[in-house]
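Below you'll find the structure I mean.
Lettering of chains follows the sequences in order, A, B, ..., and the numbering in each one begins at 1.
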Amino acid sequence: MPQLPGLLKGLGVTARTAARTLFPKRGLRTLIPAPQQGSVTVQYPHEKEAPPDRARGVIALHEENCTACMLCSRSCPDWCIYIEGHKVKAPPRRAGGAVRSVNVVDRFDIDYALCMYCGICVEVCPFDALFWSPEYEYSEPHIADLLHDRIRLSEWMETVPAFEDYEPGSEQKVRKVPDFGPDDFLPERKLADDDAVLAPAADAATSADG
Amino acid sequence: MSGAAELAGLLGLAYWAETSIKLGVALIVIPTAALLLGYLFLLKMMAFMQSRLGPQDVGPYGTLQLIADAVKFLQKEDIHPATADRRVFRAAPVVVLASSFLLFVVLPTGPDAVVENLDTGIFYAMAVSSLSVLGVLMAGWASANKYALLGGLRAAGQLIAYELPLILAVMGVVIQADSLNLQEIVRAQAEGEIFGFGLIGNPFILTQFIGFLIFMISAQAELTQTPFDMPVAETELVGGFHVEYTGFRFLLFFMAEVATAFAFSALATVMFLGGWWIPGFDFDAPALNVLGPVVMLIKILVVAFIIFWIRFTYPRLREDQLQKFAWKVLIPLSLANIVVTGIFKVVV
């Protein structure tokens, strides 16, 4: 029976684990059972688990960066991202430049009943609008309530951890968006809500529509 | 022999009253035994062996978890597969549960505390315990599901293969005790002597240690507990013969499994560990009718601990390894055990 020592050792392993779980205390208090301290599990509803910063809990939307380009929606294997947007005219970036046409997001929904957390949408977004958040408490009693809209997705942006530097050698990935500087960088959404600001572009807009 | 009947006569009980009291006790004891083993070992000990806590929220320390589970099972829809053989499908769990209920009939827990003291007690126990194969095969066949059928066939092959060493291991004890009656086996251990030293009697685990090992291994296989759980192999057969069962029919299978584990632990206790007898007492002392069940329970829990300890430690064997182990190792070994026991019986 060459297997016998291994079999006995296996019994020892389980017995030792049970003993360590049940009697974790040392010294005189060894015989006081305290499995609450001995076990390695987190008693979730009673105590919160602290997920790692880069945990893939939920996908958050940084709405100001979104251009409704649909890349995420089209690359999603489950087709669980629903985007609707419309075009508005924006003032030129530089004085004397042409009036620009930009996209504004009307609807950005992710159906977390379908999402399989592959993260392709986060990878594919060229404008840094989608981020992984470690947040995990968003279950719902009804499956239809798992369709979360842009308001909810934006709220999760607060839980996205601060950006960490990539490891050396991958610098080319770090900036996916050309740096326009803080003032220039996509203030379109606010502009779109305020028609008065669009006044210089109004003529061009009508001619384009006509 | 007819201690229970005498006791009933003393108390002036009619046959029907005596029978209904026995029935009531059995109906209380069997589910309680299943709950006890299920909670202590299946839920808690397994959790500790995996560094978990097990159920915590239902009742103090999760003690009511299994009752909550049973209530949940009772609420579930009773689904029959469309092509199932409905009558056989419904009867199968009842047959399996009946087999384990019948086992409890002969288990002695005191000089008079036994439901029915059959002269061929151990023969009867072995016979009804193999009835469960029939139920398992019925379940596998009637489910009209290939996984269930494979599970049923595996169970049949396995249970028949391990029935043999189980019975052959028991033979050694029977030879040594000169009786098939479980009370007489307990008496033989209580009144036996180890080299003239009779204080603790002669529990047959000392003289029949090989038999005890073979009995425990075969019982493990008979109970389809984990190194031998191919009939319900989760990974290959998604649950085997009970894959199509829901609700309380599944609950019956589960209860039968744990209750049979309890009954087999009790059989091992009676045959190898001296049963309910306490050293220092007379064999017929009336106090043993009260203390006997307690001692019995402690010993049963120790044996059941070993069964479940092995279950939670080892991975599943392969089907051919299982058969090879039964036919090439256990059966020759148990035959040799019988021969040696017989020689000693004649010579000594």
Pairwise side-chain contact, A:Trp79 with A:Asp111, heavy-atom cut-off 4.5 Å (strictly under):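 Answer no - side chains too far apart.
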Expected output: side-chain A:Thr21 to main-chain B:Phe48 donor-acceptor under 3.5 Å: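 A pair under 3.5 Å: yes.
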Parallel, tilted or perpendicular, as decided by the 30° and 60° cut-offs, for the rings of A:His148 and A:Tyr112: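 Correct class here is tilted.
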Spatial distance of atom CD1 (B:Ile214) from atom CD1 (B:Ile167) [nearest 0.5 Å]: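 If I round to the nearest 0.5 Å, the distance is 13.5 Å.
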Within residues 302-332 of chain B, residues adjacent to chain A where the heavy-atom gap is under 4.5 Å: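 At a heavy-atom separation under 4.5 Å, chain A is reached by B:Trp309, B:Ile310, B:Phe312, B:Thr313, B:Tyr314.
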Side-chain ion pair, A:Arg107 and A:Asp109, N-O less than 4.0 Å: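 Yes, charged N to carboxylate O under 4.0 Å.
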Under 4.5 Å from any heavy atom of chain B - which part of A:Ala19: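 No part of it gets close to chain B.
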A:Ser39 side chain vs B:Leu53 backbone, donor-acceptor pair below 3.5 Å: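 Side chain of A:Ser39 to backbone of B:Leu53, a donor-acceptor pair under 3.5 Å: no, none is there.
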